[in-house]
*Asks:* 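Got a structure for you, written out below as structure tokens; questions coming shortly.
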Amino acid sequence: MTTLTDDLLGQLLERARAAARAASELLLSPPTDLAVEAKSTPTDAVTIMDRRSEQLLVSFLLDGREMDGVLGEEGADRPGTSGFRWVIDPIDGTVNYLYGLPGWSVCVGLEYEGDPIVGVVAAPTYGVTYYAAKGMGAFRETEDSTEPVVPSTVTDMSMALTATGFGYAAPRRAFQAEILRELLPEIRDIRRAGSAAVDICWVADGKVDAFYEKGLNPWDFTAASVVTAEVGVVLAGLDGREPNPDLTIAANPELFAKFHDRLKALGADSPV
Ligand code: IPD
């Protein structure tokens with residue numbers, strides 16, 4: 001067993017922040033040819049920069065910590081023996097990246113014995129990095145300042161600006177559109193910015209009031225989950241489940257309960 005002192009957590013957070021910074025710098029200078037390949041469907045893209053960013057993150061994070069595990073969107077997967085596992089998304093929002101749109105992010109999360117303890121979500125095209133360590137608060141860092149993040153106090157669904165995202169397969173997208181058709185008249189509005197990790201950090205930071213999505217993977221939410229946990233935002237699935245691919249919702253506790261019940265009634269977690 002390792003004791004998670006503030007000192008150790010601080011060091012691990014610094015490692016995660018430095019890795020996300022290095023990956024962000026790499027990604028801000030893309031080559032002309034992104035060597036795009038399709039993954040699950042023709043619109044689910046991976047670029048050479050997703051792979052390079054993942055390679056950089058893995059070697060940076062494991063340098064001197066060779067016993068740690070790692071799980072990455074582009075294939076990194078080893079259990080490790082230290083109890084620590086890095087969960088990374090080298091580009092969350094690859095479609096934004098491909099189109100030269102802002103808002104993609106680099107996610108570096110760290111779990112100890114399965115519990116998320118450090119999270120960094122860097123969105124360099126917004127000039128923002130969100131970061132948190134368990135018990136040490138959650139922060140928004142820009143070039144000019146570092147501020148604690150504060151979620152919104154909206155508790156009425158009809159006033160909730162709500163972020164979401166859609167999968168890559170046509171049947172799932174059709175299903176998600178049906179859920180949204182029901183929900184849209186009941187909420188303030190929708191934002192679909194293109195990076196689930198940023199969406200979740202935006203809930204923590206009061207930039208949106210709520211988030212839900214079907215189809216998320218651990219690399220999409222692990223880093224952001226530390227940011228939400230530190231400010232009392234609930235990030236979870238239905239019926240007390242952890243965030244999961246069937247459905248993940250984020251909001252302050254009172255608003256979460258309302259989204260939870262409505263999305264459950266709509267069957268938004270159905271297997272599609
Ligand atoms: C995607 C983004 C997007 C979300 C998708 C994710 P990727 O991640 O987070 O916002 O709607 O569900 O898969 O594929 O760009 O890493």
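Counting convention: from 1, in listed order, for ligands and their atoms alike.
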*Asks:* May I ask you to identify the nearest protein heavy atom to atom 11 (O) of ligand 1, giving residue, atom name and distance to one decimal place in Å?
*Replies:*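 For this ligand atom, the closest protein heavy atom is E213 OE2, 2.7 Å.
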*Asks:* In this structure, which one of L71, V108, I88 forms a side-chain contact (heavy atoms from CB on, under 4.5 Å) with W219?
*Replies:* L71
*Asks:* Going by side-chain hydrogen bond (donor to acceptor under 3.5 Å, both in side chains), E74 matches just one of R51, Q55, K39. Which one?
*Replies:* K39
*Asks:* Output the list of atoms in ligand 1 that are nearer than 4.0 Å to some heavy atom of D89, sorted by atom number.
*Replies:*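 Matching atoms, with element in brackets: 16 (O).
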*Asks:* Which of parallel (below 30°), tilted (30 to 60°) and perpendicular (above 60°) describes Y97 and W104?
*Replies:* perpendicular
*Asks:* Which part of D199 is near ligand 1, with near meaning a heavy atom under 4.0 Å away: side chain, backbone, both or neither?
*Replies:*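 It is neither part, as no heavy atom is under 4.0 Å.
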*Asks:* Report the part of N217 in contact with ligand 1, treating N, CA, C, O as backbone and CB onward as side chain, heavy atoms under 4.0 Å; options are side chain, backbone, both, neither.
*Replies:* neither
*Asks:* Which of the numbered atoms in ligand 1 are below 4.0 angstrom from a heavy atom of T94?
*Replies:*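 What qualifies from ligand 1 is 15 (O).
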*Asks:* Got more than 12 heavy atoms from elsewhere within 6.0 Å of NZ, K134?
*Replies:* no
*Asks:* Could you check whether any heavy atom of Y168 sits closer than 4.0 Å to an atom of ligand 1, since that is the contact criterion I want to use?
*Replies:*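 For ligand 1, residue contact (heavy atoms, under 4.0 Å) with Y168 is present.
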*Asks:* Does ligand 1 have any atom that is closer than 4.0 Å to a heavy atom of G194?
*Replies:* yes
*Asks:* Less than 4.5 Å apart, any side-chain heavy atom of R15 and any of Q11?
*Replies:* no
*Asks:* Can you find a non-hydrogen atom of G93 under 4.0 Å from ligand 1?
*Replies:*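 G93: in contact with ligand 1 (<4.0 Å).
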*Asks:* Quick check on contacts: which atoms of ligand 1 are under 4.0 angstrom from a heavy atom of G165?
*Replies:*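 That gives atoms 11 (O) of ligand 1.
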*Asks:* Pick from S53, P218, P90: which one makes a side-chain contact (heavy atoms from CB on, under 4.5 Å) with E73?
*Replies:* P90
*Asks:* So is N96 in contact with ligand 1, going by heavy-atom distances below 4.0 Å?
*Replies:*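 Contact absent.
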*Asks:* Return the residue, atom name and 0.1 Å-rounded distance of the protein heavy atom closest to atom 16 (O) of ligand 1.
*Replies:*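 Nearest protein contact, heavy atoms only, for atom 16 (O) of ligand 1 is E73 OE1, 2.8 Å.
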*Asks:* How long is the straight-line distance from CH2 of W202 back to OG1 of T228, given to the nearest 0.5 Å?
*Replies:*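 So the OG1 of T228 and the CH2 of W202 are separated by 16.0 Å.
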*Asks:* Is any N or O atom of I91, backbone or side chain, closer than 3.5 Å to an N or O atom of ligand 1?
*Replies:* yes
*Asks:* Pick out which of I200, I91, D92 makes a side-chain contact (heavy atoms from CB on, under 4.5 Å) with S195.
*Replies:* D92
*Asks:* With heavy atoms of D220 as the reference, note each atom of ligand 1 found under 4.0 Å away.
*Replies:*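 By the 4.0 Å cutoff, the relevant atoms are 8 (O).
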*Asks:* Do the side chains of K264 and D239 get close enough for a salt bridge, i.e. N-O under 4.0 angstrom?
*Replies:*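 Looking at K264 and D239, the cut-off is met.
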*Asks:* D209 pairs by side-chain contact (heavy atoms from CB on, under 4.5 Å) with which of L161, D156, I187, T155?
*Replies:* L161
*Asks:* Are the side chains of T164 and I190 in contact, using a 4.5 Å heavy-atom criterion?
*Replies:*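 Sidechains of T164 and I190: in contact.
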*Asks:* Run the numbers for me: atoms of ligand 1, each under 4.0 Å from some heavy atom of S195, listed by number.
*Replies:*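 Contacts of ligand 1 toward S195, numbered from 1: 9 (O), 10 (O).
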*Asks:* What part of A196 sits under 4.0 Å from ligand 1 if we count only heavy atoms: the side chain, the backbone, both or neither?
*Replies:* both
*Asks:* Under 4.0 Å from a heavy atom of F166: which atoms of ligand 1 are those, numbered in the order shown and with their elements?
*Replies:* 11 (O)
*Asks:* Just to confirm my output: which protein heavy-atom neighbour is closest to atom 9 (O) of ligand 1, and how far is it?
*Replies:*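 Closest protein heavy atom to atom 9 (O) of ligand 1: D92 OD1, 2.7 Å.
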